[in-house]
Amino acid sequence: MIKDIILKRRKELNMTQAQLANKLNVSDKVISKWETGRSIPNTYILNDLAEALEISLQELLEQATTDIKSEEFESCLLYTSDAADDLIG
């Protein structure tokens, strides 16, 4: 998930939430919300976020797209097949 790549890269770069927030001109509370999945970055900040995390925008977006496809797939299974039993218990 995008929250995981933000947290992983920030830690790999030995950055605090405050340091990443400073690079992006947001509060450290915003970074915390991204890393816990309570919110996601706005599209206008994605390029700066990728740059701050020293990854390509494509890599960041691929991770986000993978997350969305996975969630859509699981939702589809919940509504269309007996496989839902495997996912929910």
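Counting from 1, the numbers follow the sequence of the chain as shown.
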Student: For the hydrophobic clusters of this structure (ILVMFWY residues joined by side-chain heavy atoms under 4.5 Å, transitively), does one cluster hold both L7 and I5?
Tutor: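 Looking at the clustering, I5 is in a separate group from L7.
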Student: Is there side-chain contact between Q17 and K29, with at least one heavy-atom pair below 4.5 Å?
Tutor: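 With C-beta onward as the side chain, the pair stays apart.
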Student: Does any non-hydrogen side-chain atom of W34 lie less than 4.5 Å from one of I2?
Tutor: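 No. Closest side-chain heavy atoms not under 4.5 Å.
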Student: Identify the heavy atoms of L46 and P41 that sit nearest to each other, and give their distance.
Tutor: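 Shortest heavy-atom separation between L46 and P41 comes out as CD2-CB, 3.9 Å.
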Student: May I ask you to test the L13-L20 pair for a side-chain heavy-atom distance under 4.5 Å?
Tutor: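 They are not in contact (no side-chain heavy atoms under 4.5 Å apart), so the answer is no.
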Student: Can you confirm whether R38 sits close enough to S32 that some side-chain heavy atom of one is under 4.5 Å from a side-chain heavy atom of the other?
Tutor: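 Of all side-chain heavy-atom pairs linking S32 with R38, at least one is under 4.5 Å.
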Student: Quick one: closest heavy-atom pair of I31 and L24, and the distance?
Tutor: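 Taking I31 first and L24 second, the nearest heavy atoms are CD1-CD1, 4.1 Å.
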Student: Is it the case that more than 12 heavy atoms not belonging to I40 sit under 6.0 Å from its CD1 atom?
Tutor: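 Atom CD1 in I40 is not crowded, with 12 or fewer foreign heavy atoms closer than 6.0 Å.
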Student: Mark yes when over 12 heavy atoms from residues, nucleotides or ligands other than E51 sit less than 6.0 Å from its CD; otherwise mark no.
Tutor: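 No - once you tally the heavy atoms of other residues, nucleotides and ligands closer than 6.0 Å, there are 12 at most.
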Student: Looking at CG of L49 and CG of L57, how far apart are the two atoms once the value is rounded to the nearest 0.5 Å?
Tutor: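 Going from the CG atom of L49 to the CG atom of L57 covers 9.0 Å.
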Student: Specify the closest pair of heavy atoms between K3 and E35, including all atoms of both residues, with the distance to one decimal.
Tutor: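 Looking at all heavy atoms of both residues, the closest pair is CB-O, 3.7 Å.
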Student: To the nearest 0.5 Å, tell me how far I55 CD1 sits from R9 CZ.
Tutor: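 Reported to 0.5 Å precision, the distance equals 6.5 Å.
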Student: Do you know which two heavy atoms are closest between A52 and K23, and how far apart they sit?
Tutor: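 Scanning both residues, the minimum pair turns out to be CB-CD, 4.1 Å.
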Student: Kindly compute the distance separating CG (L60) from CD1 (I6), expressed to the nearest 0.5 Å.
Tutor: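 So the gap between those two atoms works out to 6.5 Å.
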